[in-house]
A.B. asks: 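Have a look at the structure that comes next, please.
Read the numbers this way: they start at 1 and go in the same order the structure lists the ligands and their atoms. The model shown is predicted, which means the values in this text are computed figures rather than measured ones.
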Amino acid sequence: MNNLEARRVLADAEMLYSAAEVNLALQRVARDINAQLAEQHPLVLSVMGGAVVFSGQLLPLLNFPLDFDYLHVSRYGNEKQGGELHWKVAPRENVRGKVVLVLDDILDEGHTLHAIQQRVMELGATKFYCAVFADKIHGKAKPIQADFVGLELPNRFVFGYGMDIHGAWRNLPAIYAVRE
Ligand code: IMP
Ligand code: MG
């Protein structure tokens, strides 16, 4: 998407959550994780690239010792429709014996997080938690539920706060939906 197209998409979009609302949700998630994982010394795995904003803002709010690493898996590629999973950086041996907390931008159908959970547990993690900044509500059963959720979103294509639209606008501090 070129510069002009990206600006037009944003100008035509509907803001679902303002930056202030996003920030409040982030604080809530941090508080819940602090309450639940403080004594577990988790390995925190950030799912690139969508979780980069959520991870970058969440980590400094966590007040206990943790290890950090990342995964890179994409499902959408550059399409709006869900598709095949591509592992660019898969979970590795350092999850063995650890409590793992995976951070992702959005739980949609749940295939991505479910596949990550399976790999992480196969590699010998002792416990799996996941935090997603957004949970898309679409009424269909999901193969995995998130332990920590920032915001609920309608079943629309959204972007901002780490989520991209055709590669653009991960950098927005608020969450937008393409107008229908
Ligand atoms: P799932 O496997 O259907 O849960 O898809 C989850 C992944 O798809 C997330 O990690 C996002 O990267 C991406 N995704 C799902 N919905 C959206 C959306 O509305 N906008 C941007 N990315 C999305
Ligand atoms: Mg993603």
A.B. asks: Please verify whether a non-hydrogen atom of Val73 lies at under 4.0 Å from ligand 1.
C.D. replies: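 Distance cut 4.0 Å: Val73 fails for ligand 1.
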
A.B. asks: Looking at His111, which atoms of ligand 1 are within less than 4.0 Å of one of its heavy atoms?
C.D. replies: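 Once the distances to His111 are compared, the set is 1 (P), 2 (O), 4 (O).
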
A.B. asks: So, applying side-chain contact (heavy atoms from CB on, under 4.5 Å) with Val99, which one of Thr126, Leu43, Val44 is it?
C.D. replies: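 That would be Thr126.
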
A.B. asks: For His41, is there any backbone N or O sitting under 3.5 Å from a side-chain donor or acceptor partner on Lys98?
C.D. replies: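 Yes.
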
A.B. asks: Can you find an N or O of Gly110 that's nearer than 3.5 Å to an N or O of ligand 1?
C.D. replies: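 Indeed, backbone or side chain, Gly110 has an N or O that close.
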
A.B. asks: Could you give the distance from CD1 (Ile144) to CZ (Phe128), rounded to the nearest 0.5 Å?
C.D. replies: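 Between Ile144 CD1 and Phe128 CZ, I get 4.5 Å after rounding to 0.5 Å.
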
A.B. asks: Salt bridge or not between Lys136 and Glu152? Use side-chain N to carboxylate O under 4.0 Å.
C.D. replies: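 No salt bridge links Lys136 with Glu152.
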
A.B. asks: Any link between Leu61 and Phe133 through a network of hydrophobic side chains (Ile, Leu, Val, Met, Phe, Trp, Tyr) touching at under 4.5 Å?
C.D. replies: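 Per the 4.5 Å side-chain linkage, Leu61 and Phe133 are co-clustered.
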
A.B. asks: Say whether Leu113 and ligand 1 are in contact under the criterion: heavy-atom distance to a ligand atom below 4.0 Å.
C.D. replies: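 The answer is no: ligand 1 sits nowhere under 4.0 Å from a heavy atom of Leu113.
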
A.B. asks: Going by the order shown, which atoms of ligand 1 are within less than 4.0 Å of some heavy atom of Lys136?
C.D. replies: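 This gives 16 (N), 17 (C), 18 (C), 19 (O) as the contact atoms.
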
A.B. asks: For Lys142, state whether at least one heavy atom is located under 4.0 Å from any atom of ligand 1.
C.D. replies: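 Judged by the 4.0 Å heavy-atom criterion, Lys142 does not count as contacting ligand 1.
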
A.B. asks: Could you tell me whether ligand 1 has any atom less than 4.0 Å away from a heavy atom of Phe159?
C.D. replies: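 False for this residue.
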
A.B. asks: Will you find, in the side chains of Gln57 and Tyr161, an N or O donor that is under 3.5 Å from an N or O acceptor?
C.D. replies: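 Short answer, yes.
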
A.B. asks: If I apply the N/O under 3.5 Å rule, does Met163 come out as touching ligand 1?
C.D. replies: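 Checking ligand 1 against Met163, no N or O pair falls under 3.5 Å apart.
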
A.B. asks: Where does Asp104 meet ligand 1, judged by heavy-atom distances below 4.0 Å: at the side chain, the backbone, both, or neither?
C.D. replies: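 Only the side chain of Asp104 comes within reach of ligand 1.
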
A.B. asks: Name the option, out of Ile175, Thr112, Val47, Leu107, that contains the heavy atom nearest to atom 6 (C) of ligand 1.
C.D. replies: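 When every heavy atom of Ile175, Thr112, Val47, Leu107 is considered, Thr112 comes closest to atom 6 (C) of ligand 1.
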
A.B. asks: Less than 6.0 angstrom from the centroid, inside 45 degrees of the normal: does Arg7 satisfy that with respect to the ring of Trp169?
C.D. replies: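 Not satisfied by the 6.0 Å and 45° rule.
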
A.B. asks: With the threshold set at under 4.0 angstrom, would you say Arg156 reaches ligand 1 through any of its heavy atoms?
C.D. replies: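 Yes, Arg156 has heavy atoms under 4.0 Å from ligand 1.
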
A.B. asks: Between Tyr176 and Phe159, how do the two ring planes meet: parallel, tilted or perpendicular, split at 30° and 60°?
C.D. replies: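 Ring orientation, 0 to 90° scale: parallel.
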
A.B. asks: Where on Asp164 is there a heavy atom closer than 4.0 Å to ligand 1, on the side chain, on the backbone, on both, or on neither?
C.D. replies: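 The backbone, only.
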
